[in-house]
Amino acid sequence: MGKIRTLRGFRDILGEDIEKFRRIENVSRRYLELLGFTEIATPVLESTDLFIRSIGDATDIVEKEMFTFADLGGDSLTLRPEATAGIVRAYLQSGMYAKERISKLFTIGPMFRHERPQKGRFRQFHQVDVEVFGSNDPFVDAELLWMITLLLEDLGVKKYIMEVNSVGCKLCREGFRAMLVSYFETRKDRLCEDCLRRLDRNPLRIFDCKNLQCIEVSSGSPLLSDHLCTGCQDHFHGFLAYMDDFRIPVVVNKRLVRGLDYYTRTVFEITSDELGAQKAFTAGGRYDNLVEEMGGPETPAIGLAIGMERLALLVGNGELPRKPVCFFAYLGEKAKDYLAPMAKAFIDQGLSIRYSYEGKSLKSQMRYADSLGAGFVLILGDEEISKNVIIVRNMKNKDQFELPLDPPGIAVELRQRFH
RNA sequence: GUGGGUGUAGCGCAAUGGUUAGAGCGUCAGGCUGUGGACCUGGAGGUUGGGGGUUCGAAACCCCUCACCCACCCCA
């Protein structure tokens, strides 16, 4: 086909989809603002270094999934594959860390990853991204998940599972990593190709493998949760206790790991069986070292991202009550001279008005009015003009009556009928 | 990057290798001059994704290519 289409993995969002997006956005904003979060919008395009440093140079995202290119000056630029890096940069760049103890931020917008598209996965996708800087208290972790439950409840999403785990801090993870490597080293022959690669890259990710044999091998492996340092253990138990205070059921999945390097301690994933293979529609976790690693002061933080495309798959179409629409049907050039005055008068009154541009037959205009769901049709032809009146037809009960041909007066009259 | 599936009208679909590729929905027009939905009639709308091959004859069979979907991978 010679027609120009959207790029692979990119799509137009329209109709029901955009309504759902707007609902997700509105509901998110409502709860975020109630809980003291403020909005931040960071650029979609950033220096490539930012993502390499924050996400980790050995991750798949950085290795092969970024939209990266050189700008005219030769600098390497990248379309953001996730939001946290940019927000951390902004947090530091604006000196926010020196202005307030706790920063609660959110952003809503597009992210880009050069992946093969499939159900719930696109090259441009949208996230509601939430970050809290400045506290390592596990209550924050619980508060974030609680907020998600509020939001999901409001959107009518009921079937989902919250899985949580702790991946420990830098210290306990290093020790555990060595233990894990030695465990798998002796069982190398039974791991799939991908897991062999993971073994020296990021052995924790072997837990994510869907290969049956790998699952079998890793089912006997030591678990990080059994080897957390005391601090991390306390933190995780504190988190679980607060979740209990909120009366939110969670599933502790000791094999839950994340693909980004910066996560520490609490990690979580919210999944639904109705989504296909990409079943996580919200995920995140703590990143207590990232701010410091990015050149800022020691600042514990936690964040999460809601995948809007995926959540939209779970949100029913909320039917918006259709506003009554007035339709102006005119017959002939003389009547069309009233189009501008009528339009102005109705918009002045805050009333929605529609009309055809070409005029055409009355039947045609009536059909059009009906297809738009018009509550009233105003009919104006030579006869009415000579009598200085306009016909108002109520489309529901087919009543018709006349009003004086005075656009502002007509608009006021109809406005009263709507209230 | 790797596999599998699917590409026919705006949309969702039909058509044993055999006339001029069809119907539905939508759209436009008409149904005694200016009145909507239902109903009736008619019109417009196709390079059968694209290219090549086999054949007397291809939407169909073969090859290549592109796109979309699903899965691997990865992740929201």
Side-chain angles (χ1 to χ4, degrees), chain A residues 1-11 15 24 55 59-66 80-84 108-130 148 192-195 197-198 201-202 205 208-211 257-260 268-272 275-285 303-314 327 329-332 335 356 358-384 391-400:
Chain A
M1 209 181 275
K3 290 174 189 164
I4 298 177
R5 308 173 39 90
T6 50
L7 301 171
R8 166 175 298 191
F10 288 70
R11 56 174 203 155
I24 292 170
I55 298 169
T59 58
D60 288 272
I61 292 182
V62 169
E63 273 189 345
K64 52 189 189 191
E65 294 173 2
M66 297 205 300
R80 61 180 183 193
E82 56 105 49
T84 305
I108 300 175
M111 310 294 157
F112 305 84
R113 287 183 203 168
H114 198 277
E115 296 182 278
R116 193 77 175 262
Q118 72 184 75
K119 188 178 174 75
R121 187 168 80 183
F122 304 93
R123 288 185 174 182
Q124 177 177 336
F125 58 101
H126 300 77
Q127 291 185 335
V128 177
D129 188 87
V130 184
I148 296 293
C192 72
E193 233 175 85
D194 290 321
C195 282
R197 220 186 65 233
R198 290 173 180 132
R201 276 286 161 82
N202 187 352
R205 303 289 325 279
D208 266 348
C209 192
K210 290 174 183 170
N211 182 305
V257 294
R258 312 257 64 235
L260 280 58
F268 48 84
E269 205 169 276
I270 306 173
T271 59
S272 165
L275 288 180
Q278 311 301 319
K279 60 188 181 136
F281 62 92
T282 295
L304 64 78
I306 302 170
M308 295 177 75
E309 279 81 1
R310 293 183 187 177
L311 181 51
L313 291 172
L314 303 174
F327 189 97
Y330 53 90
L331 297 158
S356 87
E358 296 86 2
K360 297 190 187 173
S361 70
L362 182 58
K363 171 184 279 222
S364 161
Q365 292 188 65
M366 290 298 288
R367 279 182 177 162
Y368 186 32
D370 187 60
S371 75
L372 296 173
F376 290 87
V377 174
L378 306 151
I379 302 168
L380 186 68
D382 291 340
E383 265 178 52
E384 289 74 27
I391 294 173
V392 179
R393 178 178 175 87
N394 182 327
M395 295 293 274
K396 286 219 173 65
N397 56 26
K398 301 185 179 183
D399 277 349
Q400 285 191 190

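To find a chain, count down the sequence lines: A is the first, B the second, and so on, and within it residues start at 1.
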> Between the base of B:C28 and the side chain of A:R367, is there any donor-acceptor pair under 3.5 Å?
Replying inline: no

> When the distance from CD of A:Q365 to P of B:G36 is rounded to whole Å, what number comes out?
Replying inline: 12 Å

> Can you check the A:F10 CZ to B:A67 P distance for me, whole Å?
Replying inline: 14 Å

>> Tell me whether A:F125 and B:A76 count as stacked here, given that the ring centres must be under 5.5 Å apart and the planes must differ by less than 30 degrees.
In response: yes

> Of the nucleotides B:A71, B:U35, B:C74, which has the atom closest to the A:R205 side chain?
Replying inline: B:C74

> Using atom P of each nucleotide, how far apart are B:G26 and B:C63 to the nearest Å?
Replying inline: 41 Å

> Do any side-chain nitrogens or oxygens of A:R258 fall under 4.0 Å of OP1 or OP2 in B:A76?
Replying inline: yes

> For B:C75, which nucleotide is its Watson-Crick or G-U wobble mate, given both distances must be under 3.5 Å?
Replying inline: none

> Under 4.0 Å between a side-chain N/O of A:S361 and OP1 or OP2 of B:G30, yes or no?
Replying inline: yes

> Looking at the side chain of A:R5, which of B:C68, B:G34, B:C75 is the nearest nucleotide?
Replying inline: B:C68

>> If I pick the C1' atom on B:U48 and the same atom on B:A9, what distance separates them, to the nearest angstrom?
In response: 10 Å

> Among the nucleotides B:G34, B:C73, B:G36, which one has an atom lying closest to any side-chain atom of A:K363?
Replying inline: B:G36

>> Nearest to the A:D60 side chain among B:A76, B:A71, B:C74, which nucleotide is it?
In response: B:C74

> P atom, B:U20 versus B:C62: distance in rounded Å?
Replying inline: 25 Å

> Just how far, in rounded Å, is P of B:C72 from NZ of A:K64?
Replying inline: 14 Å

> Any donor-acceptor pair under 3.5 Å joining the side chain of A:Q118 to the base of B:C73?
Replying inline: yes

>> Partner lookup for B:U8, please. Criteria are Watson-Crick or G-U wobble with both distances under 3.5 angstrom; report none if nothing qualifies.
In response: none

> Among B:C72, B:A76, B:G36, which is the nearest nucleotide to the side chain of A:M366?
Replying inline: B:G36

>> Please tell me if A:K360 has a side-chain N or O lying less than 4.0 Å from either OP1 or OP2 of B:A29.
In response: yes

> Would you say A:S364 reaches B:A29's phosphate, i.e. side-chain N/O to OP1/OP2 under 4.0 Å?
Replying inline: yes

>> Rounded to whole Å, please give me the gap between CZ in A:R123 and C1' in B:A67.
In response: 12 Å

> Which part of the nucleic acid, if any, lies within contact of A:Y330, taking any heavy atom under 4.0 Å across all strands shown: a base, the sugar-phosphate backbone alone, or nothing?
Replying inline: nothing

>> If the condition is side chain to side chain contact (heavy atoms under 4.5 Å, CB included), which residues does A:E115 pass it with, not counting sequence neighbours?
In response: A:E65, A:R113, A:R121

>> Using Watson-Crick or G-U wobble geometry with both distances under 3.5 Å, which nucleotide pairs with B:A60?
In response: none

> Using a cut-off of 4.0 Å on non-hydrogen atoms, how would the nucleic acid contact of A:K119 be classed: base, sugar-phosphate, or nothing?
Replying inline: sugar-phosphate

> In whole Å, what separates the C1' atom of B:U2 from that of B:A76?
Replying inline: 23 Å

>> For A:A280, is there any backbone N or O sitting under 3.5 Å from a side-chain donor or acceptor partner on A:R310?
In response: yes

> What nucleotide, of B:G36, B:C75, B:G34, holds the atom closest to the side chain of A:L331?
Replying inline: B:G34

> How close or far is atom P of B:G37 from atom CE of A:M395, stated in whole angstroms?
Replying inline: 9 Å

> Does the separation of the ring centres of A:F327 and A:F376 fall below 6.0 angstrom?
Replying inline: no

> For the pair made of CZ in A:F327 and C1' in B:U35, what is the distance, rounded to whole Å?
Replying inline: 12 Å

> Can you tell me the Watson-Crick or wobble partner of B:G34, both distances under 3.5 angstrom?
Replying inline: none

>> Can you tell me whether the side chain of A:R116 and the base of B:C72 have a donor-acceptor pair closer than 3.5 Å?
In response: no

>> Quick check: any donor-acceptor pair below 3.5 Å linking the side-chain of A:K396 to the base of B:G36?
In response: no

Any protein N or O atoms within reach of nucleotides 43-46 of chain B? Criterion: under 3.5 Å, listing atom names and distances.
none

> Applying a 3.5 Å limit to both distances, which nucleotide forms a Watson-Crick or G-U wobble pair with B:G3?
Replying inline: B:C70

> Given atom CZ of A:R8 and atom C1' of B:G1, what is their separation to the nearest angstrom?
Replying inline: 11 Å

